[in-house]
Amino acid sequence: MDIDLFGAEAIKNPWPYVKQVQAAGPVVPNERVGTWMVTKDQIIRKILANSDRFKIEGSIAEEVFGPEAFITMDDKARHNALRGVWSVAFQRSSIEALRNVIAVIADEMIDKMEQRLRDGETVDAMAMLCRDLPAYVIAHMLGVPSEDRPRIVEWSDLLGEGVSGPPNFSRETDPAWLAAERAKVELAEYIIDQINYRRTHPGEDLISQIVHSDVGKNLSDEAIMANARQLLFAGNETTAKWLGHSLVVLSQHPDARRELTQQPMLMANALEEIMRWEPVVLIIPRLVSGGDAEIAGTIIPEGAEISLMTAAANRDPARYDRPDEFDIHREYKANLGFGYGLHSCLGVTLARLETAVTVARVLERIPSFALAGDVDYSAFQLRGPINVPIALN
């Protein structure tokens with residue numbers, strides 16, 4: 001196929017493009033960008049579970065986060081050792097202790113939104129709530145001073161824009177990539193300063209934990225920085241976009257929103273359905289390693305990039321009945337919104353809690369909100385609303 005998944009039309013409404021690729025088969029070469037697109041849920045899960053043959057090392061993720069961040073490591077022992085430093089902090093029991101912190105941050109932001117909405121204004125919920133909240137929470141966990149949190153949001157946004165282009169974009173001339181490179185350097189310098197401070201002023205925060213852990217004592221400052229930087233980015237970017245999608249989707253489905261307002265116990269299932277139906281990560285890139293690989297009867301050469309189309313997998317009729325319908329009563333089946341296998345999301349429990357608490361507070365305080373304008377979207381690969389204009393009915 002020669003299909004543009006990174007153009008304005010596909011970014012605005014990806015689903016006709018996703019269906020076109022699905023109809024072409026389980027493995028489809030995209031001549032435009034030189035990648036192989038994989039569409040079936042079961043096949044994608046098998047690929048993600050085989051990090052020896054299908055690697056993240058050498059991909060754009062490694063360029064962004066560096067080879068010493070566990071998010072870019074396919075070596076299971078090294079990956080698990082680094083990830084393990086923070087595993088307790090991201091367990092359900094530990095994350096649950098943040099519920100009140102999340103609620104306080106959400107209420108402070110909703111206070112400002114609600115006042116303007118009651119005055120008859122249209123507000124951008126993405127700018128006033130969804131974008132900042134997850135960044136503020138992960139910054140709190142990392143011990144970042146509150147006055148520095150807006151800078152974290154800005155750096156994270158620039159990194160997100162940089163990784164969202166097509167596989168064949170120019171590293172020398174692409175403005176988004178060049179801006180992301182500058183943000184990466186500035187964020188690295190900031191985190192190095194935080195690391196140096198924690199060496200003599202340890203606390204309970206995540207940076208202190210890795211600096212003073214047995215693993216951290218054998219790491220360079222650069223390696224510690226790379227792992228903290230990935231948390232600051234990955235720990236807020238996906239959740240911010242999930243929050244934005246949630247408000248948009250619930251605005252578009254007033255019956256579902258009404259049910260959630262009346263039956264809060266449906267919240268967890270509804271949010272998983274939003275992630276399935278309108279995911280944030282539409283493509284996960286991997287590189288074929290260790291010789292040519294056969295995928296669904298197609299031989300793909302060593303070194304080739306494959307695009308695992310999680311958007312297609314999340315609407316795979318072999319896994320989900322009526323996959324194109326949004327249904328908050330759908331029987332729960334785990335989707336690929338948070339990855340699978342070695343590189344599944346460490347912070348998924350935190351993301352779920354942040355989204356559940358925040359959406360619940362919005363529905364409780366401003367249940368009659370409605371979209372009040374067009375929604376623009378950021379990219380195809382890492383897709384979320386840029387703006388969510390809302391007003392009160």
Side-chain angles (χ1 to χ4, degrees), residues 12-16 18-19 41 102-103 106-107 109-110 113-114 117 122-126 128-131 133-134 238-282 310-317 319-338 348 351-377 383-393:
K12 183 175 181 62
N13 181 13
W15 302 110
V18 172
K19 290 183 74 68
D41 176 273
I102 296 167
D107 277 331
M109 294 178 176
I110 296 171
M113 283 176 50
E114 184 177 16
L117 289 167
T122 295
V123 304
D124 181 1
M126 199 70 203
M128 295 192 71
L129 175 66
C130 306
R131 184 65 207 86
L133 185 140
T238 302
T239 309
K241 289 175 168 57
W242 189 15
L243 276 170
H245 280 315
S246 297
L247 297 188
V248 173
V249 171
L250 292 177
S251 294
Q252 295 168 335
H253 297 83
D255 290 345
R257 180 175 59 181
R258 193 174 304 111
E259 276 197 83
L260 281 182
T261 303
Q262 297 169 352
Q263 301 181 61
M265 71 286 296
L266 294 173
M267 181 66 74
N269 207 59
L271 293 177
E272 292 299 317
E273 175 67 352
I274 290 171
M275 180 59 83
R276 182 200 70 83
W277 193 73
E278 195 75 274
V280 173
V281 179
L282 275 65
T310 47
N314 279 6
R315 296 198 182 192
D316 185 347
R319 183 168 176 82
Y320 303 101
D321 294 331
R322 303 169 288 104
D324 294 327
E325 294 182 21
F326 176 70
D327 180 7
I328 65 173
H329 298 284
R330 184 182 299 277
E331 177 187 0
Y332 174 74
K333 291 182 180 178
N335 64 71
L336 292 173
F338 287 98
V348 61
R352 284 173 172 146
L353 182 63
E354 289 173 317
T355 307
V357 169
T358 304
V359 173
R361 297 301 295 140
V362 170
L363 292 179
E364 181 178 335
R365 296 185 55 178
I366 46 174
S368 61
F369 75 92
L371 285 179
D374 292 335
V375 177
D376 300 310
Y377 291 88
R383 183 173 178 269
I386 297 173
N387 62 314
V388 180
I390 63 170
L392 295 184
N393 274 334

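The figures that follow rest on heavy atoms only: side chains count, while hydrogens, waters and symmetry mates do not. Numbers for residues simply follow the sequence, beginning at 1. Worth saying up front: this structure is predicted, and the values here are computed from it rather than measured.
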Does the side chain of [X] reach to within under 4.5 Å of the side chain of [Y], using non-hydrogen atoms?
{"X": "T358", "Y": "M109", "value": "no"}
{"X": "Y377", "Y": "H245", "value": "yes"}
{"X": "R315", "Y": "R276", "value": "yes"}
{"X": "L260", "Y": "M267", "value": "yes"}
{"X": "E354", "Y": "W242", "value": "no"}
{"X": "M275", "Y": "V280", "value": "yes"}
{"X": "N335", "Y": "R319", "value": "no"}
{"X": "L243", "Y": "L247", "value": "no"}

More than 12 heavy atoms of other residues, nucleotides or ligands under 6.0 Å from CG of D374: is that the case? no
Among pairs that include at least one residue of residues 238-254, which meet salt bridge (Lys or Arg N to Asp or Glu O under 4.0 Å), considering only residues two or more places apart or in two chains? E237-K241
My understanding is that only residues two or more places apart in sequence, or in another chain, count here; which of them pass side-chain hydrogen bond (donor to acceptor under 3.5 Å, both in side chains) with [X]?
{"X": "E364", "result": "R361"}
{"X": "D376", "result": "none"}
{"X": "D41", "result": "R45"}

Would R365 and D107 satisfy side-chain contact (heavy atoms from CB on, under 4.5 Å), going step by step from the backbone distance to the final call? CA-CA 9 Å; R365 296 185 55 178; D107 277 331; 3.1 Å; yes
Check: T122 side chain, P389 main-chain N or O, donor-acceptor pair, under 3.5 Å: no
Report the C-alpha distance between R322 and R330 in whole Å, list the side-chain angles of each, state the deciding distance to 0.1 Å, and finish with yes or no for side-chain contact (heavy atoms from CB on, under 4.5 Å). CA-CA 10 Å; R322 303 169 288 104; R330 184 182 299 277; 4.3 Å; yes
Give the intermediate values and the outcome of side-chain contact (heavy atoms from CB on, under 4.5 Å) for residues L250 and I274. CA-CA 9 Å; L250 292 177; I274 290 171; 4.3 Å; yes
Quick one: side-chain hydrogen bond (donor to acceptor under 3.5 Å, both in side chains) pairs with a partner in residues 383-393, sequence neighbours left out? E278-R383
Walk me through whether M126 and I386 qualify under side-chain contact (heavy atoms from CB on, under 4.5 Å). CA-CA 7 Å; M126 199 70 203; I386 297 173; over 6 Å; no
Which residues pass the ring-ring contact (aromatic ring centres under 6.0 Å, His included) test with F326, not counting sequence neighbours? H253, W277
OG1 of T355 to CD of E272, rounded to nearest 0.5 Å, is 9.5 Å
Between OG1 of T310 and CG of L282, what distance do you get to the nearest 0.5 Å? 5.5 Å
